[in-house]
K.L.:
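There's a structure below that I have some questions on.
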There are 4 protein chains.
Amino acid sequence: MASPTRSLRSDAARNRELLLAAAEDEFAERGIEASVADIARRAGVAKGTVFSHFATKEELIAAVVANHIAVLTATAERLLESADAGAALLEFLTVAADRRQQRDLTFLMSISAENSQVVRIRNQLHADIGSLVQRAHECGALRPDVTATDIYLLICAPVHVIENLPGAPSDLWRRYLAIIFDGLRPEGASPLPRPAPNWP
Amino acid sequence: MASPTRSLRSDAARNRELLLAAAEDEFAERGIEASVADIARRAGVAKGTVFSHFATKEELIAAVVANHIAVLTATAERLLESADAGAALLEFLTVAADRRQQRDLTFLMSISAENSQVVRIRNQLHADIGSLVQRAHECGALRPDVTATDIYLLICAPVHVIENLPGAPSDLWRRYLAIIFDGLRPEGASPLPRPAPNWP
Amino acid sequence: MASPTRSLRSDAARNRELLLAAAEDEFAERGIEASVADIARRAGVAKGTVFSHFATKEELIAAVVANHIAVLTATAERLLESADAGAALLEFLTVAADRRQQRDLTFLMSISAENSQVVRIRNQLHADIGSLVQRAHECGALRPDVTATDIYLLICAPVHVIENLPGAPSDLWRRYLAIIFDGLRPEGASPLPRPAPNWP
Amino acid sequence: MASPTRSLRSDAARNRELLLAAAEDEFAERGIEASVADIARRAGVAKGTVFSHFATKEELIAAVVANHIAVLTATAERLLESADAGAALLEFLTVAADRRQQRDLTFLMSISAENSQVVRIRNQLHADIGSLVQRAHECGALRPDVTATDIYLLICAPVHVIENLPGAPSDLWRRYLAIIFDGLRPEGASPLPRPAPNWP
DNA sequence: AATGAATGAGGCTTCATTCAT
DNA sequence: TATGAATGAAGCCTCATTCAT
């Protein structure tokens, strides 16, 4: 009696997950060119099913993006437990870049920047980074003129850098993360030419 | 599309420029979604005219990209005359970021990465950056483990960083360029975790 | 045709048939100039629907051609039952020419010559003609130096002949089929200047 | 003094010939797909020049077709001198088929069927074939129920036959011309099922 | 006459989305 | 909810033809 409803529901939930995973893979491989049809095929469902879960392609993208940010949020929260605040911040940037290198979905971010779910999770991430940054400041591991918003914005930098070098070793971003992290040291920091931006 | 004065044959070159400018604007505003039809409309010519100048949309993109890189090349070459090699390098990165901030066409680069004209001008830019870097090394203004390819790759970083903050002041990139440039100082540089990449 | 319950599937099948019929008509009337848009309009469906049935214009053409050959194959197979092998061969050529006169699609053949479905059905037709020819040989109704491939190639000849006479009576081809059939008699046949071609 | 005018005129005449030759080649190689631009390029002139000689692509096609028929007319007229009227007719059909095999332009005929120049030269050809046929009738080399129009229509048959066999030896048409010619013998001719058509 | 840039209609195809089952 | 056929707007590109030089 209840079971058919339940099994329908869990099938639906499973399809949702399949679709999100397929969309992530497809977007990572094909970029924005990935089509709804391809995603549906990869998830093993019909094209129409995509639209019964996500009213719009944009909505699907937003869900993928939210998923993606959620992983970073979880990472940040885990690292708040860490003893060494400076190392925690470096580790956070490392995990973030590593994840981004494995599946670059940055091009999706701007598309779903307005989406309310994305806004919420993004704010959460920003807040968590705030905690990481505060602790790093407290133990003097980070130049004092750098804010949570700065760190949030710098997340993607190392991976983006190597995008322009086709055939680069996949973890070359570690080199540029090191350079940037050197720029974040308190020692000998030169005054920054512009004030830190406000978080919207 | 009748205008009081029909285009003159000697204006063919002018149409080419109009098209390149229109394409640059349109791509900067609409991203890769910019259509040939929109570009033609913006340039004030018929759709078919685009294809009499550029056989393919890709070819048009390559021309835009090449144009864009050429400006950087010219800047680098001008700065080779400069007395202070460290300041010259910073200025180069500043000009490059400034230009890129005005019109972000990075997403076009990968599309025309193979184009022979683009390859040529890109190699030229890399070589010019090589000269700037060598002079900076010679006067100790740059950490010794950083190469021309590193600098080439870091060009876009500051601008990309602020892409994720809608409504940011347009020259906020200067803040992140300063951070990165601090990371490029020789003083107290930590060893880099990966070797410098080869230029293809 | 089918019950309302199955109507989705059978509507789709019906659309496929409508499209094939419309394509046949349109190609017969306009030649290769017939556009997908015109075909869709004639079938009463949207342009996009054509491509949900046939991935490509070429694929649509191949389906039309295969349909067309299939009728000839069925005719040949029916005539294998006939008692008089010579009359059967003449009848086959008559039916083939008659059909071809109603809708000349020969110009489509070369376009889809490579299509695997077309190749298969074409080989089937050739084999069936082989049986007709063999029986005709056995009862001395056909000059012995003529092969199945010869007959296959001669199918279109009578109709093509009258193509160059606009306003000709529509069954004028019967006159030229008679002349050619006279040339196929065993009596007084002059030696043929070239060997029979191989079937690919 | 007078020479510039003269040389301009003869340049124009030469361009006309170049264009006709280029068009013939291009149409033979590419079929109806041959574009005006390709023809101009092959002739080594600008696209616009094509239209200063032929107001329309159709007009160019008509000129090519007329040229083509003119060769057959000349052949027929030469063969009227021949002693053996039967052999002359066979030779005419052989030359016609050979020429057509080298450059198949049949698909152009229907396009320019109405063109007045083409109509005139076509009538001339028909008349010349009439003389050949009459002489063949007089010496009993041709079945009496066959007319000049029949022969005119049969010209293309042998070549068309082999069109459906890709990779056939290029002179395989001789085999089918022989078969058809056997069908034209007076001996044992069966009555033809339709009256000979009228020439328009 | 010759040139070739410009035109714009029209061709094929893709794809997000809708809808009847 | 799932399905997948149908839709139609939009994209890129081709090409005969026009026109100013």
Side-chain angles (χ1 to χ4, degrees), chain A residues 4-5 7-9 11-13 15-16 33-40 45-58 60, chain B residues 1-2 5-16 33-38 40 44-58 60, chain C residues 4-16 33-40 44-58 60, chain D residues 5 7-9 11-13 15-16 33-41 45-58 60:
Chain A
T5 311
S7 90
L8 277 179
R9 270 191 199 146
D11 272 10
N15 273 350
R16 211 190 120 95
E33 308 275 274
S35 73
V36 172
D38 288 339
I39 291 168
V45 303
K47 215 177 359 172
T49 303
V50 179
F51 292 94
S52 71
H53 285 279
F54 307 95
T56 269
K57 192 187 185 181
E58 274 196 15
L60 167 60
Chain B
M1 273 277 148
T5 343
R6 306 285 311 197
S7 357
L8 305 179
R9 185 151 145 195
S10 51
D11 275 0
R14 178 152 199 293
N15 269 349
R16 210 191 120 97
E33 307 278 275
S35 73
V36 171
D38 289 340
V45 302
K47 217 177 359 174
T49 302
V50 180
F51 294 97
S52 77
H53 285 277
F54 308 96
T56 272
K57 191 186 184 182
E58 273 196 18
L60 168 60
Chain C
T5 349
R6 276 184 300 178
S7 77
L8 193 145
R9 294 275 173 173
S10 62
D11 270 9
R14 180 159 159 50
N15 270 349
R16 209 190 121 97
E33 307 278 274
S35 74
V36 170
D38 288 340
I39 291 168
V45 302
K47 216 176 1 172
T49 302
V50 179
F51 293 97
S52 75
H53 286 277
F54 308 96
T56 270
K57 191 186 185 182
E58 272 197 17
L60 168 60
Chain D
T5 312
S7 89
L8 278 179
R9 271 195 200 142
D11 273 9
N15 273 349
R16 209 190 122 95
E33 309 274 276
S35 74
V36 172
D38 289 339
I39 292 168
R41 192 173 315 119
V45 303
K47 216 179 354 175
T49 303
V50 179
F51 292 95
S52 71
H53 284 280
F54 308 94
T56 270
K57 192 187 186 184
E58 274 196 15
L60 167 60

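These numbers come from the heavy atoms of this one structure, side chains and all, not from hydrogens, waters or symmetry mates.
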K.L.:
Is it the case that the base of E:dG10 and the side chain of B:K47 share a donor-acceptor contact (distance under 3.5 Å, atom types as modelled)?
P.N.:
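Such a pair is found, so the answer is yes.
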
K.L.:
Start with the C-alpha gap between D:I39 and D:L60, add the side-chain angles, then the distance that decides, and say whether side-chain contact (heavy atoms from CB on, under 4.5 Å) holds.
P.N.:
CA-CA 10 Å; D:I39 292 168; D:L60 167 60; 4.1 Å; yes

K.L.:
Expected output check: what is the dot-bracket annotation of DNA chain F, where ( ) and [ ] are pairs inside the strand (brackets for crossing ones), | is paired with another strand, and pairs are Watson-Crick or G-U under 3.5 Å?
P.N.:
.||||||||||||||||||||

K.L.:
When you check the phosphate oxygens OP1 and OP2 of F:dA6, does a side-chain N or O of C:N15 lie under 4.0 Å from one of them?
P.N.:
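Affirmative; the distance criterion is met.
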
K.L.:
What is the distance from CD1 of A:I39 to P of E:dC15, rounded to the nearest Å?
P.N.:
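That distance rounds to 11 Å.
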
K.L.:
Using whole Å, report how far CD of A:E33 lies from C1' of F:dG11.
P.N.:
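The answer, rounded to whole Å, is 12 Å.
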
K.L.:
Please report the distance, rounded to the nearest Å, between CZ in D:R16 and C1' in E:dA2.
P.N.:
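Spelled out: CZ on D:R16 to C1' on E:dA2 is 16 Å.
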
K.L.:
Whole angstroms only, please: what is the CZ-P distance between D:R41 and E:dG4?
P.N.:
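D:R41 atom CZ is separated from E:dG4 atom P by 12 Å.
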
K.L.:
Looking only at the side chain of A:F51 (C-beta and beyond, no hydrogens), which of the listed nucleotides E:dT13, E:dT17, F:dT7 gets closest?
P.N.:
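Nearest to the side chain of A:F51 among the choices is E:dT17.
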
K.L.:
Hey, which of these two, A:A55 or A:D38, hits DNA chain E nearer its 5' end, going by closest nucleotide?
P.N.:
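With A:A55 and A:D38 compared, the 5'-side residue is A:D38.
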
K.L.:
With the side chain of A:T56 defined as its heavy atoms from C-beta on, choose the nearest nucleotide among E:dT17, E:dA6, F:dC12.
P.N.:
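Shortest atom-to-atom distance from the side chain points to E:dT17.
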
K.L.:
Both B:S52 and C:A37 contact DNA chain E. Which one's nearest nucleotide lies toward the 5' end?
P.N.:
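Result: B:S52.
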
K.L.:
I need the CZ-P distance between D:F54 and E:dA1, as an integer number of Å.
P.N.:
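About 11 Å, once rounded to whole Å.
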
K.L.:
To the nearest 0.5 angstrom, please state how far the OG atom of A:S52 sits from the CG atom of A:N15.
P.N.:
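Going from the OG atom of A:S52 to the CG atom of A:N15 covers 8.0 Å.
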
K.L.:
Give D:T49 one of three labels, base, sugar-phosphate or nothing, depending on what nucleic acid heavy atoms sit under 4.0 Å from its own.
P.N.:
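It contacts base atoms.
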
K.L.:
E:dA6 P sits how many Å from B:D11 CG, rounded?
P.N.:
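My rounded result for the distance is 9 Å.
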
K.L.:
Using heavy atoms to find the nearest nucleotide of DNA chain F for C:V45 and D:G48 separately, return the residue whose nucleotide is more 5′.
P.N.:
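Result: C:V45.
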
K.L.:
Taking all non-hydrogen atoms of both residues, which atom of D:K57 and which atom of D:F51 are closest, and how far apart?
P.N.:
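Reported closest heavy-atom pair: N-CE2, 4.4 Å.
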
K.L.:
Using atom CD of C:E58 as one end and atom P of E:dG11 as the other, report the distance to the nearest whole Å.
P.N.:
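Roughly 18 Å, once rounded to whole Å.
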
K.L.:
Indicate, with a heavy-atom threshold strictly under 4.0 Å, whether A:V50 touches base, sugar-phosphate, or nothing.
P.N.:
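The residue A:V50 makes no contact with any strand.
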
K.L.:
Using salt bridge (charged side-chain N to carboxylate O under 4.0 Å, His left out), reason through D:R41 and D:D38 one step at a time and then give a plain yes or no.
P.N.:
CA-CA 5 Å; D:R41 192 173 315 119; D:D38 289 339; 3.0 Å; yes

K.L.:
Do you know the tightest heavy-atom contact between B:A12 and B:H53?
P.N.:
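Looking at all heavy atoms of both residues, the shortest contact is O-CE1, 3.3 Å.
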
K.L.:
Closest approach to the side chain of D:K57, judged atom by atom: which nucleotide of E:dC15, E:dA6, F:dA16 is it?
P.N.:
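So the nucleotide nearest the side chain must be F:dA16.
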
K.L.:
Rounded to whole angstrom units, what separation is found between the CG atom of A:L60 and the C1' atom of E:dA16?
P.N.:
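The answer, rounded to whole Å, is 12 Å.
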
